[in-house]
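Reckoned from all heavy atoms, side chains included, excluding hydrogens, waters and symmetry mates.
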Amino acid sequence: MKPDLFQAPDYFNLDELLTDEHKMVRDAAREWVKREVSPIIEEAAQKAEFPKSIIGGLAEIGAFGPYIPEEYGGAGLDQISYGLIMQEIERGDSGVRSTASVQSSLVMYPIFKYGTEEQKKKYLPKLASGEMMGCFGLTEPDYGSNPAGMVTNFKDKGDHYLLNGAKMWISNAPFADIAIVWAKNEEGRIHGLIVERGMEGFSTPETHNKWSLRASATGELIFDNVKVPKENLMPNKSGLGAPLGCLDSARFGIAWGAIGAAMDCYDTALRYSKERVQFDKPIGGKQLQQKKLAEMITEITKAQLMAWRLGVLRNEGKATSAQISMAKRNNVEMAINIAREARQILGGMGITGEYSIMRHMMNLESVITYEGTHDIHLLITGMDITGMPAF
Ligand code: TGC
Ligand code: FAD
């Protein structure tokens, strides 16, 4: 892969909207990605291996629980810092950002919000340091967009719960130490359970042959009469709103992360267009290529503004789930369109691993599907403005 020469676009001087702390956090993440992710990510993706060596670095830049209070090992940062960290990591690779998103928003967040004090003390500091890794099991083979229909269930057996069922498409599952599992009790009410690797009857087979998110490990969670201690149930919220509340946090991170992937594709294509000569001139001097590049920077700038405003609203506790859905949907579509256009600017070189664009493009096919598909987020906006669910 070519050396990482990334220069972040900031067409509307958005840095002026950031505090010194935001910039410090962002720059630390940016430098770390250049130093530790860019040199190894192409090979990891080609080999379809999650690069475990980066776990310690992710913890050091505050990517595990950026907004979890310091007393539980988190970085105690605000939502914009969280977004900026996700942006920088996804600039490197969506799969690496996935690992951080899952750990922060889908594992640490539910324990912090819905767990007992004992659960917080037991798990959060180790999750923040990367000593322990987690995954989040909501999706099932027959219930993806419609998680309310889940069949994974647990029964009260007096001194423990007995858990049965299966989850699929679970990021980090193959190596996670714990799984946040959403399952129905005997009354059909959804609860979150903390399932630990090593519990008898719990297995995590890896999903192979992915053309997307190849540097992220994906797997199933199988529960065959797993005895879960009663103290592993998170008691402070139940119902579908509990997992969906975690998704709000993760979708917010993706709205920022997708900008990172788009910025990397744009920056790569811009540089290439100035260097690549055809018909005796750099292709960047041709109107057709300028149209592509000008539209890219326009769309990136709009997405940056939306993400920043959403961050302000989230810091004030005012962002709605529907606003988060709109930002996730818009920014991921923006990124995937930019990746497709940027790849064309590189011609044949665009399909090789010499450049990051094709990897981003394939990764974004997962990002536009997980955490709610593109269609589901449109229907969430539709429901919000009309008051009528059309799912
Ligand atoms: P509905 O009846 O609308 O809602 C049920 C209850 O949930 C509440 N609620 C929310 N709460 C918090 N945040 C949200 N975003 C919420 N959306 C809804 C709602 O108020 C209600 O509460 P209550 O108290 O009245 O019971 O539910 P529905 O069954 O009609 O479904 C709505 C729909 C389709 C929007 C929802 O099911 C959905 O979002 N589906 C998409 C599923 C999804 O996103 N799955 C993601 C799996 S995790 C993943 O992909 C991780 S990838 C990680 C990575 O690698 O980065
Ligand atoms: P389906 O729900 O079957 O949807 C198929 C198509 O039908 C889509 O185009 C969808 O938009 C459309 N559709 C569905 N319902 C409607 C409707 N009502 N109206 C119109 N169109 C509709 N899940 C987890 O729980 N944890 C994870 O860590 C996780 N990681 C993932 C990692 C990867 C790489 C991938 C690919 C997925 C991951 N997922 C995870 C699962 C992901 O959230 C689901 O794939 C996603 O929610 C869609 O579910 P599905 O694949 O079953 O598609």
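Here the side chains of Asn164 and Asn225 are in contact, with some heavy-atom distance below 4.5 Å. Counting only heavy atoms from C-beta outward, the side chains of Pro69 and Lys120 never approach each other to under 4.5 Å.
One finds no salt bridge joining Arg189 and Glu187 here, because no Lys/Arg side-chain nitrogen approaches an Asp/Glu carboxylate oxygen to under 4.0 Å. A salt bridge is absent between Glu118 and Lys121: the closest approach of a Lys/Arg side-chain nitrogen to an acidic carboxylate oxygen does not fall below 4.0 angstrom. Taking a cutoff of 4.0 Å between a charged side-chain nitrogen and a carboxylate oxygen, Asp15 and Arg26 qualify as a salt bridge. By the 4.0 Å N-to-carboxylate-O rule, Arg340 lies close enough to Glu365 to be salt-bridged with it.
Ring orientation note: the planes of Tyr82 and Phe252 are tilted relative to one another, at an angle of 30° to 60°. Under the 30°/60° scheme for interplanar angles, the aromatic rings of Phe175 and Phe50 are found to lie parallel.
A cation-pi arrangement is absent between Arg30 and Trp32, since the terminal nitrogen or guanidinium carbon is not both under 6.0 Å from the aromatic centre and inside a 45° cone about the axis. Judged by a 6.0 Å distance limit and a 45° cone about the ring axis, Lys230 is positioned over the six-membered ring of Tyr161.
Partner of Trp256 under the side chain to side chain contact (heavy atoms under 4.5 Å, CB included) criterion, out of Ile85, Asn331, Leu84: Leu84 alone.
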For Met133 and Gln103, what are the C-alpha separation, side-chain angles and deciding distance, and is it a side chain to side chain contact (heavy atoms under 4.5 Å, CB included)?
-> CA-CA 7 Å; Met133 296 298 292; Gln103 184 87 342; 3.6 Å; yes
Tyr355 and Thr268: CA distance, side-chain angles, deciding distance, side chain to side chain contact (heavy atoms under 4.5 Å, CB included) verdict = CA-CA 8 Å; Tyr355 296 90; Thr268 304; 3.6 Å; yes
Please walk me through it: do Glu206 and Glu220 pass side chain to side chain contact (heavy atoms under 4.5 Å, CB included)?
-> CA-CA 6 Å; Glu206 184 157 1; Glu220 296 167 57; over 6 Å; no
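Side chain of Asp248 to main chain of Cys246: no donor-acceptor pair is present (N/O by atom type, distance under 3.5 Å, no hydrogens or angles). Side-chain atoms of Asn363 come within 3.5 Å of backbone N or O of Leu213 as a donor-acceptor pair. Ser104 places a side-chain N or O within 3.5 Å of a backbone atom of Gly65 that can act as its donor or acceptor partner.
If you check the side chains of Arg197 and Thr204, you find a donor sitting under 3.5 Å from an acceptor.
A search for side chain to side chain contact (heavy atoms under 4.5 Å, CB included) contacts involving Glu295 returns Lys291, not counting sequence neighbours.
For Lys34, the NZ atom is densely surrounded, since the number of other residues' heavy atoms within 6.0 Å is greater than 12.
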